[in-house]
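Here is how names work: the chains are called A, B, and so on, in the same order as the sequence lines, proteins then strands, and each is numbered from 1.
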Number of protein chains: 2
Amino acid sequence: MLLSKGCIYGLRSSLFLASQENDGYVSIREISEKLDISFHFLTKILQQLTSTGLMESHKGPKGGIRLTKSGSEVNLFEIVAAIDGVELFTECALGLPGCGVKKPCPLHEKWAGTRDGIRYMLENTNLMELAKKGKEQNLRITEHGGFEWLLNNDCNDAS
Amino acid sequence: MLLSKGCIYGLRSSLFLASQENDGYVSIREISEKLDISFHFLTKILQQLTSTGLMESHKGPKGGIRLTKSGSEVNLFEIVAAIDGVELFTECALGLPGCGVKKPCPLHEKWAGTRDGIRYMLENTNLMELAKKGKEQNLRITEHGGFEWLLNNDCNDAS
DNA sequence: GAGTTTTAAGAGTATTTTGTCTTAATTTAA
DNA sequence: TTAAATTAAGACAAAATACTCTTAAAACTC
Ligand code: SF4
Ligand code: SF4
């Protein structure tokens with residue numbers, strides 16, 4: 001599995017927040033219900049994103065969580081790095097420690113290229129473009145539900 | 001982590017076998033010691049590779065394990081698929097079930113491209129080329145040791 | 001200020017992955 | 001035929017990951 005569950009949940013939540021029409025706080029409870037993620041588990045994951053400054057939270061009624069920057073300023077790599085760390089993009093396909101510093105293994109060049117490909121894709125994809133695309137084409141953000149319940153009531157029979 | 005530990009050990013062992021000068025059986029004990037992998041754990045992993053036909057084993061003295069096909073015929077994708085399965089290459093970056101069949105999510109096109117990039121790299125890398133490269137350039141196959149102890153005693157002070 | 005709503009924090013549990021150990025079965029060789 | 005060497009198989013244990021539950025702290029409403 002490329003990304004941890006926590007990272008996947010973080011990405012989905014970020015996309016959900018970027019898709020909101022207004023920029024107010026959204027409660028973690030609402031996110032967990034809409035995206036079908038365990039509330040307490042999600043709370044911990046989002047804490048990681050607030051501690052790195054990608055999101056900000058507010059307690060009490062009317063509280064919740066929101067992106068600090070606009071969706072177009074947040075790329076997927078930032079989110080992955082905040083939750084799973086950068087190991088995926090620095091470590092070795094063969095699990096050998098100390099890559100790059102010491103003598104490489106025969107797979108290195110090919111693996112480094114592939115690894116950079118993953119990174120490039122994540123760095124060059126921002127939340128805004130995904131949210132925009134999801135809304136326009138009414139794509140999905142959870143197993144069954146999509147972006148239709150983010151819009152007012154545009155297209156409900158698109159199946 | 002892209003690949004499981006078991007898969008990593010399987011790849012390293014395969015590369016080790018492809019690097020052997022003769023085509024006899026190599027005992028799992030020797031592989032586990034040379035590559036610093038738990039013997040019993042490695043035994044289980046290599047059983048997966050024999051059960052899929054990539055390797056064949058032989059019990060008793062003079063027994064061990066060896067590749068069924070020549071190294072140039074075995075690409076890394078086959079080994080990964082045999083141990084970790086093909087989920088990495090079919091499933092979703094966002095962990096949503098039923099990808100491709102139902103409505104896609106906004107990340108799909110980009111992720112599918114990246115995913116295919118990983119697969120392409122693995123499918124187009126065979127054990128023979130890695131073994132050849134490792135020997136020629138005296139690269140490493142474990143944390144400290146490399147291909148030098150596969151050769152007779154060619155270059156021992158290459159550090 | 002009291003009560004409610006929300007995130008924060010940490011302990012605790014469950015599941016999966018990773019690794020160990022023991023026993024059995026097979027093969028070789030003396 | 002006996003002993004040694006090896007893989008096969010499965011129970012077991014440890015560690016990492018994923019998830020749950022409880023309590024605390026903060027912020028809002030009245
Ligand atoms: S050189 Fe590349 S492939 Fe080899 S151990 Fe380092 S990161 Fe891995
Ligand atoms: S369509 Fe979406 S859910 Fe399916 S594999 Fe692609 S990114 Fe994942």
query: According to a strict under-4.0 Å criterion, is B:T43 in side-chain N/O contact with OP1 or OP2 of D:dA9?
result: no
Per-nucleotide protein contact string for nucleotides 23-30 of chain C, where B marks a base within reach and S marks sugar-phosphate only (heavy atoms under 4.0 Å, - for neither): ---BBB--
field: Nucleotide C:dG19, atom C1' - distance to CD1 of B:I8 in whole Å
entry: 15 Å
field: Partners passing salt bridge (Lys or Arg N to Asp or Glu O under 4.0 Å) against B:E87 (at least two apart in sequence or in another chain)
entry: none
field: Qualifying ring pair (Phe, Tyr, Trp, His ring centres under 6.0 Å) pairs, either residue in residues 59-92 of chain B, two or more places apart
entry: B:F77-B:F89
- prompt: How would you label the contact of A:F39 with the nucleic acid (heavy atoms, under 4.0 Å): base, sugar-phosphate, or nothing?
  reply: base
- request: Please name all residues satisfying side chain to side chain contact (heavy atoms under 4.5 Å, CB included) with A:M128, sequence neighbours left out, ordered by chain then number.
  value: A:S72, A:N126
- request: Output all residues satisfying side-chain hydrogen bond (donor to acceptor under 3.5 Å, both in side chains) with B:E30, sequence neighbours left out; order by chain, then residue number.
  value: B:K34
task: Send over the distance from B:I83 CD1 to C:dG19 P, rounded to a whole Å.
output: 13 Å
statement: Rounded to whole Å, the CD-C1' distance (B:E30 to D:dA5) equals 14 Å
task: Hey, could you give me each pair passing side chain to side chain donor-acceptor pair (under 3.5 Å) that has a residue in residues 44-65 of chain B? Not counting sequence neighbours.
output: B:E56-B:R66
message: By the salt bridge (Lys or Arg N to Asp or Glu O under 4.0 Å) test, which pairs, at least two apart or in different chains, include something from residues 73-84 of chain B?
response: B:K69-B:E78
task: Nearest whole angstrom, please: distance from the P of C:dT17 to the CD1 of B:I37.
output: 19 Å
- prompt: Between atom CG in B:L46 and atom P in C:dT18, what is the gap in whole Å?
  reply: 15 Å
Side chain to side chain contact (heavy atoms under 4.5 Å, CB included) against B:T125, all qualifying residues, sequence neighbours excluded: A:L107, A:K110, B:L76, B:M121, B:E129, B:L130
field: Single-linkage hydrophobic cluster, 4.5 Å side-chain cutoff, B:M1 and A:L3 together
entry: no
statement: Terminal axes of the helix from C:dG1-D:dC30 to C:dA30-D:dT1 (5 end pairs apiece), angle rounded to 10 degrees, sit apart by 0°
message: Rounded to whole Å, how long is the line connecting atom CG of B:D84 with atom P of C:dT18?
response: 8 Å
Spacing of B:Q47 atom CD relative to C:dT18 atom C1', expressed in whole Å: 16 Å
query: Whole-Å distance between C:dT20 P and B:L42 CG?
result: 12 Å
For residues 5-15 of chain B, dump all side-chain donor-acceptor pairs below 3.5 Å to protein atoms at least two apart in sequence or in another chain.
{"from": "B:R12", "atom 1": "NH1", "to": "A:L94", "atom 2": "O", "distance (Å)": "2.5"}
{"from": "B:S13", "atom 1": "OG", "to": "B:Y9", "atom 2": "O", "distance (Å)": "2.9"}
{"from": "B:S14", "atom 1": "OG", "to": "B:G10", "atom 2": "O", "distance (Å)": "2.7"}

Kindly give the atom pairs (protein nitrogen or oxygen, nucleotide nitrogen or oxygen) under 3.5 Å for nucleotides 17-19 of chain D.
{"from": "D:dA18", "atom 1": "OP1", "to": "A:K5", "atom 2": "N", "distance (Å)": "3.3"}
{"from": "D:dC19", "atom 1": "OP2", "to": "A:Y9", "atom 2": "OH", "distance (Å)": "3.3"}

- prompt: Do the side chains of B:Y120 and B:L88 join up, straight or via other hydrophobic residues, at under 4.5 Å, putting them in one cluster?
  reply: no
message: Restricting to salt bridge (Lys or Arg N to Asp or Glu O under 4.0 Å), what partner residues turn up for A:E33, sequence neighbours left out?
response: none
